[in-house]
Number of protein chains: 2
Amino acid sequence: MARMVAERADAIAPLAEVFREHGYEGASLALIGKATGLGKGSLYHFFPNGKEEMVRAVLGEIGQWFEDAVYSPLRNESDVNGAIRAMLASTDQYFRSGRRVCLVGALAVANTRDLFAQAIRGYFVAWVDALQSALIRQGREADQSRLLAEEAVLAIQGAIILSRAMDDPAVFQRAIDQLRGRLVIENDTSNYEGTTDVSPQNEGRLVQD
Amino acid sequence: MARMVAERADAIAPLAEVFREHGYEGASLALIGKATGLGKGSLYHFFPNGKEEMVRAVLGEIGQWFEDAVYSPLRNESDVNGAIRAMLASTDQYFRSGRRVCLVGALAVANTRDLFAQAIRGYFVAWVDALQSALIRQGREADQSRLLAEEAVLAIQGAIILSRAMDDPAVFQRAIDQLRGRLVIENDTSNYEGTTDVSPQNEGRLVQD
DNA sequence: GCGAGACTGTACCGATCGGTAAACATATTA
DNA sequence: TAATATGTTTACCGATCGGTACAGTCTCGC
């Protein structure tokens, strides 16, 4: 049952990291081997279709993680504001305040986009849809929710780029704080702590643009 | 005076395009040669330090274009709202509504970031600073202007990613429209046409978060 | 112990990589 | 026209690329 040998699943996290850091073309089999501790033989045993299959496995894992940690709560959690706050906190952690690249976003920009177009699109569509669902359950109009959800997802991607370009994680955190102020409706009495002060001055205003 | 031979300057636009489409590592000398119509010999004659120098030349050209077309008007134009609208229009055109990648943003995400860190940082710092200057001249507070400027630049980068991932330029245009509503203060009587209707409901409200 | 799969290390493949060298063509100047 | 600067072509270099082949090793059910 408990094998001594490495498992395919163990390779996925290092794979994700090496693709994040070097991109699809930049991640050579030498780098991949170093990152995973696996030789070419093992790599092609686990992923017979080479790098493409590795990336697909990584994208699947990423999608599953976001589904469980972010999308599903956004769609199903009864505490909508809590789910949104959790999304922002998870996002901040996951992307390490912009120090960590979003692999899906990076692939969307690279010329390899076509190869993984479906997975890339699915990742973002699921995110926007789930967030829109949460915003609608807040009482917002469907159209406004769509716009706002798009805006939020897009801002996170942009924040990664800008904070990396500036080499300043605070840029990312400011963007997250900004989003919290825009997405969360402050009509409850529960106290929470944000990373910076968010003045609750938009109580009751459901529509805001 | 009028040379028959190609000039270095003529190579920069094709170079920019090939780096945009394939990234730094993905743009092989074969692709570069095909894009520019120049052989390796000519390329290394114009750019003795190879690809790195080519990218630096491209970044310089890009920076100059944005300086003239965007940053300078933002800093100096007396019609501040006009300069901001012009920035949004230029940006929409330049990035072809998200169909065209931002090379600087792409480099900021790739592992080649360190090589061009200074140029990348300079590009974004200049943009944010220029936009902040315009927002301050609108009458906004300095801190709010900083936040808003960062948010706008970040949103443009994110919009490129999202619209490419969705394969839908409308995503980019919606983001631009959203930004216009947030950045432009509608207190003048001049009529203009946006790409979509922007309800002027924030008259006089200088601070908004 | 033994066969069967699962896994791994290594040698190897043709292609392509970025970059160099130098002969060659062209254009400008004296 | 001779000399020079400028640009171009071509052949070539060693290194590395992604991928394959396959012999070998390990672990397990029997």
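Only heavy atoms go into these numbers, but all of them, side chains included; no hydrogens, no water, no symmetry mates. In what follows, chains carry the letters A, B, and so on, assigned in the order in which the sequence lines appear, proteins first and then strands, with residues in each chain numbered from 1.
When rounded to the nearest whole Å, the span between CG of A/Leu43 and P of D/dC17 equals 14 Å. A/Asp10 has its CG atom 11 Å from the P atom of C/dC7, to the nearest Å. Between the NE2 atom of A/His45 and the C1' atom of D/dT20 there is a distance of 16 Å, given to the nearest Å.
Nucleic acid contact class of B/Lys40 (heavy atoms, under 4.0 Å, all strands): base. Using a 4.0 Å heavy-atom cutoff across all strands shown, A/Gly50 reaches sugar-phosphate atoms only and no base atom.
For the 3.5 Å distance criterion, the side chains of A/Gln173 and A/Ser97 qualify, holding a donor opposite an acceptor.
Side-chain contact check for B/Phe124 versus A/Val171: every heavy-atom pair is 4.5 Å or farther apart.
Using cut-offs of 30° and 60° for the angle between ring planes, the B/Phe66 and B/Trp127 rings count as tilted.
Of the residues in residues 20-36 of chain A, those with a non-hydrogen atom less than 4.0 angstrom from any atom of DNA chain D are A/Ala27, A/Ser28, A/Leu29, A/Ala30.
Taking only side-chain atoms of B/Phe46, from C-beta outward, the nucleotide of C/dG18, D/dG19, D/dG7 with the closest atom is D/dG7. Closest contact between the side chain of A/Tyr44 and the listed nucleotides C/dC7, C/dT20, D/dG18 involves D/dG18.
A salt bridge links A/Glu186 with A/Arg85; the closest basic N to acidic carboxylate O contact falls under 4.0 Å. A salt bridge is absent between A/Arg174 and A/Asp177; no separation between the charged side-chain nitrogens and carboxylate oxygens falls under 4.0 Å.
The CD1 atom of B/Ile84 lies 7.5 Å from the CD1 atom of B/Ile185; values are rounded to the nearest 0.5 Å.
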